[in-house]
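For this chain, numbers begin at 1 and follow the sequence in order.
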Amino acid sequence: RLTLLERGHQDCSDMHSFSGVRNIYVLHYIERGKGTLKAGGRAYPMQQGQLFLVKKGELTEYRPSKEEPYIYKWVGFDGSMAQELSSSTGLLRYPVSPVMPQIEVLFDIARQEGQPFTNCSSHLLQIFATLIEAYPNKEDTSPQWDAAQIAQIVDKYEIDTIYNLAALLSAVAEQKPRLAWDIQIN
């Protein structure tokens, strides 16, 4: 379940900022301007067209720049799918997205006044679908096997030939040169 709980628009020309812990997830889209997000002990610069995620239960601070204060749209959400969907994007690893102007229209739809929150929640899912496609979590979760584990599998299943999938190797070798070296040489 994913439930849209709050939605809004904030002009921070008055230097409005936040510092604290939220009890829900809050996703922001920067319409104009610049600012800084501090989360997880790091500071992240932000600008027009980017999204930033305030994680549920995490000490967070965000503030506009003095020279060019931001204006942002936001949606607050929670539910059993909130963590899973957030984890599917790059926002849990790096809480500020690349510039993504295609998201703005989805924020506008999700924030429409007079629209039932259930309809807005479906638009929130569209926002996540766009985020997952454009800014996925690229954490490598593939299994890593050592030589002893491979030898055990070869013995167990009486494998007599192993093919080196060079095409597949070349596709990932640039990203994982040490793994490519081990497969080719070792």
Side-chain angles (χ1 to χ4, degrees), residues 1-140:
R1 199 172 102 190
L2 183 68
T3 306
L4 180 67
L5 300 169
E6 301 174 351
R7 56 190 173 188
H9 185 261
Q10 185 70 49
D11 181 342
C12 296
S13 57
D14 63 355
M15 299 308 291
H16 169 80
S17 62
F18 172 82
S19 181
V21 178
R22 299 276 190 198
N23 62 353
I24 60 173
Y25 294 89
V26 184
L27 188 60
H28 303 74
Y29 176 80
I30 301 175
E31 205 174 280
R32 285 195 304 270
K34 297 179 181 180
T36 303
L37 171 70
K38 292 182 182 176
R42 293 185 58 195
Y44 304 90
M46 303 182 296
Q47 66 178 344
Q48 178 178 334
Q50 291 183 304
L51 290 105
F52 67 98
L53 178 67
V54 173
K55 301 172 198 169
K56 178 180 179 178
E58 180 177 79
L59 179 60
T60 307
E61 177 184 318
Y62 49 96
R63 63 183 60 252
S65 78
K66 291 177 183 169
E67 300 77 29
E68 195 178 344
Y70 51 48
I71 297 172
Y72 60 79
K73 304 167 185 184
W74 57 273
V75 290
F77 60 95
D78 206 358
S80 56
M81 291 176 58
Q83 171 73 27
E84 182 181 346
L85 285 170
S86 298
S87 294
S88 297
T89 73
L91 290 173
L92 285 188
R93 187 175 32 81
Y94 189 88
V96 177
S97 78
V99 173
M100 299 179 68
Q102 71 271 33
I103 293 280
E104 184 171 14
V105 70
L106 295 173
F107 260 83
D108 289 340
I109 293 168
R111 291 184 48 257
Q112 281 180 350
E113 294 301 322
Q115 192 174 167
F117 268 86
T118 52
N119 290 354
C120 297
S121 291
S122 70
H123 295 298
L124 182 57
L125 284 171
Q126 287 180 313
I127 289 170
F128 271 105
T130 303
L131 262 171
I132 291 166
E133 183 178 322
Y135 188 51
N137 183 353
K138 293 187 179 184
E139 190 173 297
D140 183 12

* **Nearest atoms (heavy-atom pairs only) where P45 meets V96** => O-CG1, 4.0 Å
* Asked: What distance separates I103 CD1 from L27 CG, expressed to the nearest 0.5 Å?
  -> 8.0 Å
Which atom pairs, donor and acceptor, lie under 3.5 Å between side-chain atoms of residues 14-25 and protein residues at least two apart or in another chain?
from	atom 1	to	atom 2	distance (Å)
D14	OD1	H16	N	3.0
R22	NH2	Y62	OH	2.8
Y25	OH	Q83	OE1	2.6

Show me the donor-acceptor pairs, under 3.5 Å and distance only, between side chains in residues 51-58 and residues at least two apart or in other chains.
from	atom 1	to	atom 2	distance (Å)
K55	NZ	L92	O	3.0
K56	NZ	D78	OD1	3.4
K56	NZ	D78	OD2	2.9

* Asked: So, does N137 use its side chain to make a donor-acceptor pair with the main chain of S87 at under 3.5 Å?
  -> yes
* Is the Y44-Y94 ring centre distance short of 6.0 angstrom? -> yes
* To the nearest 0.5 Å, what is the distance between OH (Y70) and OG (S65)? -> 9.0 Å
* Structure fact -> Between K66 and P69, the two heavy atoms sitting closest are O-CD, 3.9 Å
* Is there a side-chain contact between V75 and V26 (heavy atoms, below 4.5 Å)? -> no
* Asked: Taking T89 for the side chain and L91 for the main chain, is one N or O donor matched with an acceptor at less than 3.5 Å?
  -> yes
* So, do W74 and E6 sit near enough that their side-chain heavy atoms are less than 4.5 Å apart? -> yes
* Approximate separation, where rounding is to 0.5 Å, of T130 OG1 and M100 CE -> 7.0 Å
* **Approximate separation, where rounding is to 0.5 Å, of Q47 CD and T36 OG1** => 11.5 Å
* Would you please say whether a donor-acceptor pair under 3.5 Å links the side chains of E31 and H9? => yes
* **Counterpart residues, side-chain contact (heavy atoms from CB on, under 4.5 Å), relative to A129 (two or more places apart)** => none
* **Nearest heavy-atom neighbours spanning C12 and Y72** => SG-CE2, 3.6 Å
* Test item: Q50 side-chain N/O and S97 main-chain N/O as donor-acceptor pair under 3.5 Å -> yes
* To do: Can you sort out the partners of E84 under salt bridge (charged side-chain N to carboxylate O under 4.0 Å, His left out), two or more places apart, ordered by chain and number?
  => none
* E68 with R32: basic N within carboxylate O range, under 4.0 Å -> no
* **Sequence-distant partners of Y135, ring pair (Phe, Tyr, Trp, His ring centres under 6.0 Å), two or more places apart** => none
* Start with the C-alpha distance between L5 and F77, add both sets of side-chain angles, then the distance that settles side chain to side chain contact (heavy atoms under 4.5 Å, CB included), and finish with yes or no. => CA-CA 5 Å; L5 300 169; F77 60 95; 5.6 Å; no
* With rounding to the nearest 0.5 Å, note down the distance linking CD1 in I30 to NZ in K73. => 12.0 Å
* Asked: How long is the gap from CG on L125 to CG on L131, to the nearest 0.5 Å?
  -> 12.0 Å
